[in-house]
Engineer: 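Just dropping this structure here.
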Amino acid sequence: MKTQSSVLHHYFRPVELALLGIILITLLADAVLLLSSGQKVFYFAYSGQLIFAALMFGLSFIYRWRGRSERIATVTMSTGLFMIFTSAMALLNYLFLPNLRPTLDLWLVSLDASLGYNWVDAVTWSVSYPLVNDILGYAYLSNLYQIVILIILLGFSGRIYALHGMILTLTLSGAVTVLFWILFPSIGPSALFPLPESVISKSQQIVGTAYGKELTDLLYNGTAMIMPNDARGLISFPSFHTVMALAGMWYSRSVKWLFPFFLLLNLTVLPAVLVHGGHHLVDIPAGMAVFALCAWATERFQQRFDRQGKTIVSRRLQKTSMSHPA
């Protein structure tokens, strides 16, 4: 007769259990804040995400229960967990609005100036080269699609250890970024410095003057109703887009044909973070530091708790490839 612990470990790998724990803590924090603040949330808008995540969990449980494709089980479980985490953490971020703590933005601007950087000048330069500006815009928007591609490729190619490492690193980085912003908010130079009309008229910046005004209003006034489809990226420092760009480069290394493309694409994302993401220059090294810390913590966790799981997964992959089709 299986114990509860053995049943739990049959359906969840060590990294997935860690992710589940982080998600439950985040959801508990969301519930406490919702009950104490009275903030209105359009819950129905979350239904599509919840249904899709439940479908992912169901597929994973079925494949692991039947002992069939560990690859499919891992891809679907990772997708469901990451989707729930991002929704829960984004909700937590919004539940701290309005955030009336002093912002870091003026200090960050002074740091940028000491390095010779000015956001308005950077955007003005970018829009003077339309093709370059467009390429940077597409690169900036590619971050989330890259993560989806990596989940699929790493999972279905049997690179389970790398997939789990990427998802846990992103989860830890997201939690660190949001918690830092709650204590030390920042919304970026787009909220401080309006772009000249001559720049606005010929640019299609993703984060520009209008977006900056929206962020300022959200920071100081909050929102009457939290709706996931209308959510804005509130955090400037540290840059989570930088975290995702580094994750795309780092965890694609084992896919030799993909790595050069992801390397080039994500090196393009870094300047795009400035001109299209409305970030301070120092947001980028801060995002790099968060990624490095969380990737290191993830590797330590996996080396301690997931080495046996890595061996078990490898054996299951060999077994399922011989005895069952995917």
Side-chain angles (χ1 to χ4, degrees), residues 1-28 46-89 144-172 174 247-248 251-258 298-299 301-326:
M1 182 176 180
K2 291 185 178 180
T3 65
Q4 289 184 346
S5 176
S6 64
V7 171
L8 189 64
H9 282 85
H10 181 74
Y11 290 104
F12 293 96
R13 306 296 167 247
V15 167
E16 294 165 359
L17 286 173
L19 293 170
L20 186 61
I22 295 170
I23 290 169
L24 291 176
I25 292 170
T26 306
L27 289 173
L28 178 61
Y46 288 92
S47 60
Q49 300 173 31
L50 292 175
I51 291 171
F52 184 78
L55 177 62
M56 294 295 99
F57 294 144
L59 286 172
S60 180
F61 291 153
I62 289 171
Y63 272 94
R64 284 178 177 166
W65 171 58
R66 298 184 65 183
R68 291 176 66 87
S69 176
E70 180 64 27
R71 300 182 185 193
I72 294 177
T74 302
V75 168
T76 52
M77 178 62 72
S78 298
T79 301
L81 288 171
F82 191 60
M83 176 174 285
I84 293 296
F85 168 76
T86 53
S87 296
M89 191 55 70
L144 189 57
Y145 297 106
Q146 291 183 56
I147 300 303
V148 173
I149 290 170
L150 278 176
I151 289 174
I152 294 170
L153 287 181
L154 293 176
F156 284 114
S157 65
R159 296 172 172 88
I160 307 299
Y161 193 83
L163 171 55
H164 279 159
M166 181 184 71
I167 295 298
L168 184 55
T169 296
L170 288 172
T171 299
L172 291 174
Y251 291 104
S252 66
R253 291 172 301 145
S254 62
V255 187
K256 293 182 179 180
W257 61 268
L258 181 67
T298 293
E299 183 61 26
F301 178 89
Q302 287 188 283
Q303 286 293 330
R304 182 170 181 179
F305 297 105
D306 207 30
R307 294 181 77 177
Q308 183 180 8
K310 183 179 181 181
T311 303
I312 291 171
V313 166
S314 298
R315 289 173 179 169
R316 281 181 178 154
L317 287 173
Q318 293 173 4
K319 180 181 178 181
T320 55
S321 65
M322 290 186 295
S323 58
H324 295 288

Engineer: Excluding sequence neighbours, so at least two apart, what forms side-chain contact (heavy atoms from CB on, under 4.5 Å) with V75?
Structural biologist: T79, I151, F156

Engineer: What's the shortest heavy-atom distance between S252 and L150, and which atoms?
Structural biologist: CB-CD2, 3.8 Å

Engineer: Report yes or no: does Q302 contribute a side-chain atom to a donor-acceptor pair with the main-chain N or O of Y161 at less than 3.5 Å?
Structural biologist: yes

Engineer: Give, for atom CD1 of I84 and atom CE of M89, the distance between the pair rounded to the nearest 0.5 Å.
Structural biologist: 13.0 Å

Engineer: Sequence neighbours excluded, which residues qualify as side-chain contact (heavy atoms from CB on, under 4.5 Å) partners of I25?
Structural biologist: none

Engineer: When you look at S69 and R71, which way does the side chain to side chain donor-acceptor pair (under 3.5 Å) test go after all the steps?
Structural biologist: CA-CA 5 Å; S69 176; R71 300 182 185 193; over 6 Å; no

Engineer: Under the side-chain contact (heavy atoms from CB on, under 4.5 Å) rule, collect the residues that match up with L153, sequence neighbours excluded.
Structural biologist: I149, W257, L258

Engineer: Report yes if the side chains of M166 and R159 come closer than 4.5 Å at any heavy-atom pair, otherwise no.
Structural biologist: no

Engineer: Please list, chain by chain and in numerical order, all residues satisfying side chain to side chain donor-acceptor pair (under 3.5 Å) with T169, sequence neighbours excluded.
Structural biologist: Y251, T298

Engineer: Restricting to non-hydrogen atoms, name the atom on L154 and the atom on S254 that form the minimum distance, rounded to 0.1 Å.
Structural biologist: CD2-OG, 4.0 Å

Engineer: Mind checking the CD1-OG spacing from I152 to S78? Nearest 0.5 Å is all I need.
Structural biologist: 11.5 Å

Engineer: Rounded to the nearest 0.5 Å, what separates atom CD1 in I147 from atom CZ in F82?
Structural biologist: 6.5 Å

Engineer: Could you tell me if the side chain of F305 sits less than 4.5 Å from the side chain of L17, heavy atoms only?
Structural biologist: no

Engineer: First locate atom OG1 of T86, then atom CD1 of I23, and finally report the distance between them rounded to the nearest 0.5 Å.
Structural biologist: 8.5 Å

Engineer: Would you indicate whether the side-chain heavy atoms of R13 and M77 approach each other to under 4.5 Å?
Structural biologist: no

Engineer: Show the atom names and distances, to 0.1 Å, of all donor-acceptor pairs under 3.5 Å that link a side chain in residues 49-62 to residues at least two apart or in another chain.
Structural biologist:
from : atom 1 : to  : atom 2 : distance (Å)
Q49  : OE1    : S87 : OG     : 2.2
S60  : OG     : A73 : O      : 2.9

Engineer: Are any of the side-chain heavy atoms of V15 and I167 separated by less than 4.5 Å?
Structural biologist: no

Engineer: I would like to know whether T74 and R64 meet side chain to side chain contact (heavy atoms under 4.5 Å, CB included); could you show each step before the answer?
Structural biologist: CA-CA 9 Å; T74 302; R64 284 178 177 166; 3.3 Å; yes

Engineer: Roughly how far, to the nearest 0.5 Å, is CG of D306 from CD of E299?
Structural biologist: 9.5 Å

Engineer: Ignoring hydrogens, what is the shortest heavy-atom contact between A247 and L170? Give both atom names and the distance.
Structural biologist: CB-CD2, 3.8 Å

Engineer: Which value, rounded to the nearest 0.5 Å, describes the distance between I22 atom CD1 and F85 atom CZ?
Structural biologist: 6.5 Å

Engineer: Going by the salt bridge (Lys or Arg N to Asp or Glu O under 4.0 Å) test, which pairs reach into residues 48-59, not counting sequence neighbours?
Structural biologist: none

